[in-house]
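Residue indices begin at 1 and follow the sequence shown. Note that the coordinates shown come from a computational prediction; the quantities given were computed from them, not determined experimentally.
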Amino acid sequence: MKTSPSVETAVPSQVDEASEAERDATASAGRRAVKERAQALARRWWPALAECVVAVATALGFTYWGVTVANSPVTRVGQVSGLSNLQFRLALLVLVVLAVVGWATVRGSERVRAVTVRLAAAAVAGLSTGFIGAGQVFALRGTPWPLNGPYGDNNRILGWAEEILHTGSMDAFYPPAVPYILGYAAKAGFLGGQPAFGLKWLFIAFVALTGPVAYLAWRSCLRPLPALAVGLLPALQQTLPHKPYSPFVLVALVPLIAKLLLWLRASPRFTTRGTAGRGAFLGVVFGLLFLVYSGWHVWSLPGVLVAVLFFYPWQTGRLRGLLFLGSSLAGFLLVAGPYLRVLLGATGTRDQWCSGYTLTEPAYIGTTPLSSRAWDEPGEYPGFGEFAGLHTYAVIVLIGLGVAVALGLRKAVVVAPLACFASAWFIRFWLAGHMEADQQVQLFPRTMIVIQVTLTALTVLACVFAVRKLTPLVRALPGGTTRGPRQFTAVGALLALALAGGMIGSFFSNQYLPTAPGEKLAGTLAWQAHQFRKPDGACPRYADRHRCQAYPERTYVEAAEPVEKMVCEYPWRKENADGSIRLLLTQG
């Protein structure tokens, strides 16, 4: 049977028209899907971007506002007035933040309230360490020099920066980021060609941005209010304005390790490209932090390796987990590989520096000697603790450690600080146990900072988990409700954390205000900064008796002479009535 020509020609035409319609519908659906994904991405990312902008802007803005504090930083009346002026400004800004959050809680939609809390938490994080930055601006008013001037570690950093300025590189195993920033900035014509005059503002920027960095790093793992508490309190606790890049790296490193563990466990659910991209991103960030300060990576590495074994997807995605770790390592080596090679080549370097930390009881985790007038006394500093030798802080963080482990041992946000703590704890005792035999300190006292930061973070996490456990019980009580008092939870938490930030910031700012060397306080570092000439040859406004030392045209790195036996006599020495020195404790 023959088919009619009309039928034969009609069928292909109808098929073509149908195919074209299907293609148009598919293309239209694809465009709608892309548009919907773009809109969803925008809804998801613009609040995160706004958080970053608010945190950084408030920190740097409040820090710069410290320039307008016109009080004298060297008289006690001027110091109290200056700190009070900063506190008044902080209180006004916090009041505005709380008012906005309160309005959003009562009048705003759920989405408006959520975004407002995010931005308010970011603002509190920025204002808290921005206050310390403003305190540093006030303490160094009238001098271009950083804390301690061109002495101590500053001398070495500036010497390497000068080396970079003239040769383009540095010959040292010290973390290179800070010297290279100063050297290249001076080489580009900034800083008047003098790296020394960038160190002051670079250090102040590190101080101010520590709070935002800690908050934003924990935000990758936690909701805004828990992230603010867990990030901000440890960051405030370890404030070191004379070496601020050190705690800056640490408070970012711990939550990023938690994020590494989270993404490692979730890697089987990612695409191949997503897995590699996430791993490479974290590796690059770890590498950048390593270039700023490498010590925390070293202290934490053994514990992190153990944590990785526990979070590795052994059952569901071994290859995907391997891809994630491999891309992380590749990203890290891409950024920090050259410096890592230099660091590994310097493993035979001997550290023989003794300080008040070196000879104290090795399990001590209480208050640090930097802020105590009794830090140069023999024995425990600054005294025996309230409970069997333990200070209140030690008792609290030990309870917090136990609660955090009990309620959250399977959580990456607990395992990450726990791994860093355990690693530093074992390394501390291993190095200290070999100190006499090897006549080396090997920087083991610096593990104290890791221990305190991680224990404080775990204690705050314990409080967060406890509140989550108790909330359903409170709701179940007679008269319990999901509304009412709970409406202003964010206002209460932000108020408490903002006050804590202001009080702690005022404490540390006060410690670093200029004091005469005889006081043996951290303020001596600020006093030194006022004793060197400015680039124009004039003395700083607040130089002691209006006399100052000559401006050093070039800073050289002092070479430390190695000794066979280290002498740890510095921390504890007293003057006799006739002015001679009496050593109370000597080793070696």
Does the side-chain hydrogen bond (donor to acceptor under 3.5 Å, both in side chains) test come out yes or no for Q452 and Q238, once each step is laid out? CA-CA 8 Å; Q452 289 188 339; Q238 291 298 339; 2.3 Å; yes
If you count the non-hydrogen atoms of other residues, nucleotides and ligands that lie under 6.0 Å from CZ in F310, is the total more than 12?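 For F310, atom CZ is not crowded (no more than 12 foreign heavy atoms under 6.0 Å).
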Counting only heavy atoms from other residues, nucleotides and ligands, does the tally under 6.0 Å from CZ of F426 exceed 12?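 Counting other residues, nucleotides and ligands, CZ of F426 stays at 12 neighbours or fewer.
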Strictly distance-based, threshold 3.5 Å: is any side-chain N or O of [X] a donor or acceptor partner for the main-chain N or O of [Y]?
X: R350; Y: V441; answer: no
X: R428; Y: P362; answer: yes
X: T129; Y: A208; answer: yes
X: Q511; Y: G523; answer: no
X: S506; Y: G502; answer: no
X: D351; Y: Q442; answer: yes
X: S423; Y: W299; answer: yes
X: R318; Y: W314; answer: yes
X: S294; Y: P175; answer: no
X: R111; Y: A114; answer: no

[atom1]/[X] to [atom2]/[Y] distance, rounded to the nearest 0.5 angstrom?
X: L334; Y: L329; atom1: CG; atom2: CG; answer: 11.0 Å
X: L497; Y: L127; atom1: CG; atom2: CG; answer: 12.5 Å
X: S267; Y: R278; atom1: OG; atom2: CZ; answer: 10.0 Å
X: T454; Y: L461; atom1: OG1; atom2: CG; answer: 11.0 Å
X: L233; Y: T459; atom1: CG; atom2: OG1; answer: 10.0 Å
X: L262; Y: L256; atom1: CG; atom2: CG; answer: 11.5 Å

Beyond-backbone contact of [X] with [Y], side-chain heavy atoms, under 4.5 angstrom:
X: F270; Y: W263; value: yes
X: L282; Y: F324; value: yes
X: Q136; Y: L147; value: yes
X: L86; Y: F131; value: yes
X: M448; Y: P445; value: no
X: F286; Y: I257; value: yes
X: P302; Y: I427; value: yes
X: P247; Y: I449; value: no

Applying the ring pair (Phe, Tyr, Trp, His ring centres under 6.0 Å) criterion to Y339, which one of Y174, F332, F290 satisfies it?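 Of Y174, F332, F290, ring pair (Phe, Tyr, Trp, His ring centres under 6.0 Å) with Y339 is met by F290 alone.
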Working for side chain to side chain contact (heavy atoms under 4.5 Å, CB included), residues L222 and L228: CA-CA 9 Å; L222 297 170; L228 178 62; over 6 Å; no
Got a sec, which pairs hit salt bridge (Lys or Arg N to Asp or Glu O under 4.0 Å) with one end in residues 115-126, sequence neighbours left out?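 Listed once each, the pairs are E51-R118.
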If you take all heavy atoms of [X] and [Y], which pair is closest and at what distance?
X: P338; Y: L333; value: CD-O, 4.1 Å
X: S128; Y: G501; value: OG-CA, 3.7 Å
X: A419; Y: G303; value: CB-O, 3.4 Å
X: T58; Y: A122; value: OG1-O, 4.1 Å
X: R265; Y: F311; value: NH1-CE2, 3.3 Å
X: A490; Y: V117; value: CB-CG2, 3.8 Å

Please walk me through it: do N148 and H242 pass side chain to side chain contact (heavy atoms under 4.5 Å, CB included)? CA-CA 8 Å; N148 209 26; H242 63 291; 6.0 Å; no
Does NZ or CZ of K243 fall inside the cone over F206's six-membered ring, less than 6.0 Å from its centre and within 45° of the axis?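 Judged by the rule (NZ or CZ under 6.0 Å from the ring centre, within 45° of its axis), K243 is not positioned above F206.
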Let's go through L260 and S328 carefully: what are the C-alpha distance in whole Å and the side-chain angles of both, what is the deciding distance for side chain to side chain contact (heavy atoms under 4.5 Å, CB included) to 0.1 Å, and is it a yes or a no? CA-CA 9 Å; L260 175 80; S328 299; 4.0 Å; yes
Quick one: are the ring centres of W296 and Y293 less than 6.0 Å apart?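 Yes: the rings meet the under 6.0 Å criterion.
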Might you work through the side chain to side chain contact (heavy atoms under 4.5 Å, CB included) test for T447 and W425, ending with a clear yes or no? CA-CA 7 Å; T447 57; W425 191 253; over 6 Å; no
For Y512 and T239, does a side-chain donor sit closer than 3.5 Å to a side-chain acceptor?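 Their side chains do not contain a donor-acceptor pair, so the 3.5 Å distance test is not met.
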